[in-house]
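Report on the structure given below.
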Amino acid sequence: MTPALTGASRHRRRLASLAAVALSLGVLSACESDSGTSGEQSEAVGGAGDSTAAQAPRVVVRSNVRKGARDVPVDTLLEVGADHGDLLGVEVSTAQGRLPGRRRGDGTWPADERLEPGTAYVVRARVSGPDGPQVRERRFSTVELSLAQQTCASVAPLAGETVGVGMPVVVQFDLPVTDRAAMEREMHIEATPAQIGSWDWLSDTEVH
């Protein structure tokens with residue numbers, strides 16, 4: 001059954017992350033740890049004369065994107081965590097703005113959105129350890145994608161539009177989707193009250 005929605009929105013925006021999944025899937029970078037601030041080597045926590053602090057483990061910032069990596073696939077969902085300390089917060093910025101995300105109860109920070117193509121990212125993680133709060137920084141950039149490797153999508157019904165119970169949610173793409181299953185994993189609908197539904201492809205460019 002297709003879910004019926006009232007007041008769904010119609011919009012057009014670049015779905016680079018969806019295109020990367022459906023048109024050219026990449027391989028996620030392996031998890032990598034970074035125990036020093038940008039441009040610095042790892043150091044033992046504590047002062048030189050404090051033998052107890054010198055034996056304490058260092059706060060390590062870890063991420064599923066390697067520090068300094070280039071050509072990171074845009075279907076990557078960035079995640080940041082910390083070992084031997086607390087992750088207080090994360091700020092991920094680009095020249096166009098910030099990547100949204102939030103700290104979870106398990107102490108990790110996952111991004112809410114996938115990455116944009118051809119973009120330089122700066123990750124600043126605030127951590128706390130035996131020597132107090134610190135800011136750790138890392139940088140990486142994503143793979144360049146041509147217009148043929150990206151797609152724009154329009155969604156109906158229109159914003160604020162009231163429709164009948166038989167009206168499906170319609171998504172139209174400006175390029176043919178070659179991997180429908182991968183695209184479906186990236187498309188989510190929320191309805192109030194909740195409804196059970198599934199995607200039905202009318203063509204490579206239209207799905208209900």
Measuring from atom [atom1] of [X] to atom [atom2] of [Y], what distance do you get when rounded to the nearest 0.5 angstrom?
X: Gln195; Y: Ile189; atom1: CD; atom2: CD1; result: 11.0 Å
X: Lys67; Y: Phe140; atom1: NZ; atom2: CZ; result: 13.5 Å
X: Trp199; Y: Met183; atom1: CH2; atom2: CE; result: 10.5 Å
X: Thr151; Y: Gln172; atom1: OG1; atom2: CD; result: 11.0 Å
X: Leu99; Y: Glu116; atom1: CG; atom2: CD; result: 9.0 Å
X: Arg124; Y: Arg126; atom1: CZ; atom2: CZ; result: 12.5 Å

Please name the pair of heavy atoms, one in [X] and one in [Y], separated by the smallest distance, quoted to 0.1 Å.
X: Val61; Y: Arg138; result: O-NH2, 3.4 Å
X: Asp174; Y: Cys152; result: OD1-N, 2.9 Å
X: Pro157; Y: Pro168; result: CD-O, 4.2 Å
X: Pro110; Y: Thr108; result: CD-O, 3.6 Å
X: His84; Y: Pro130; result: O-CD, 4.5 Å
X: Met187; Y: Trp201; result: CE-CZ2, 4.4 Å

Flag the pair [X] / [Y] as yes when at least one side-chain heavy-atom distance between them is below 4.5 Å, and no otherwise.
X: Glu206; Y: His208; answer: yes
X: Leu115; Y: Val143; answer: no
X: Met167; Y: Glu161; answer: no
X: Tyr121; Y: Leu78; answer: no
X: Arg136; Y: Val59; answer: yes

Does the [X] side chain pair with the main chain of [Y], one donor and one acceptor, at a distance under 3.5 Å?
X: Asp86; Y: Gly107; value: no
X: Asp83; Y: Val60; value: no
X: Arg103; Y: Leu87; value: yes
X: Thr76; Y: Val74; value: no
X: Thr142; Y: Asp71; value: no

- [ ] Evaluate side-chain contact (heavy atoms from CB on, under 4.5 Å) for Phe173 paired with Asp204, printing each intermediate quantity in order.
- [x] CA-CA 8 Å; Phe173 301 94; Asp204 288 340; over 6 Å; no

- [ ] Give a yes or no on this: more than 12 heavy atoms of other residues, nucleotides or ligands lie within 6.0 Å of atom CZ of Arg104.
- [x] yes

Task: Side chains of His188 and Glu190, donor plus acceptor under 3.5 Å - done: no

- [ ] Check whether Val177 and Val170 end up in the same hydrophobic cluster, where Ile, Leu, Val, Met, Phe, Trp and Tyr are linked by side-chain heavy atoms less than 4.5 Å apart.
- [x] no

Open item on the list: Under the criterion side-chain contact (heavy atoms from CB on, under 4.5 Å), I'd like the reasoning laid out for Val123 against Val65: C-alpha separation, chi angles, the key distance, then a yes or no.
Closed with: CA-CA 10 Å; Val123 181; Val65 175; over 6 Å; no

Task: Partner set under side chain to side chain contact (heavy atoms under 4.5 Å, CB included) for Ala181, not counting sequence neighbours - done: Asp179, Arg185

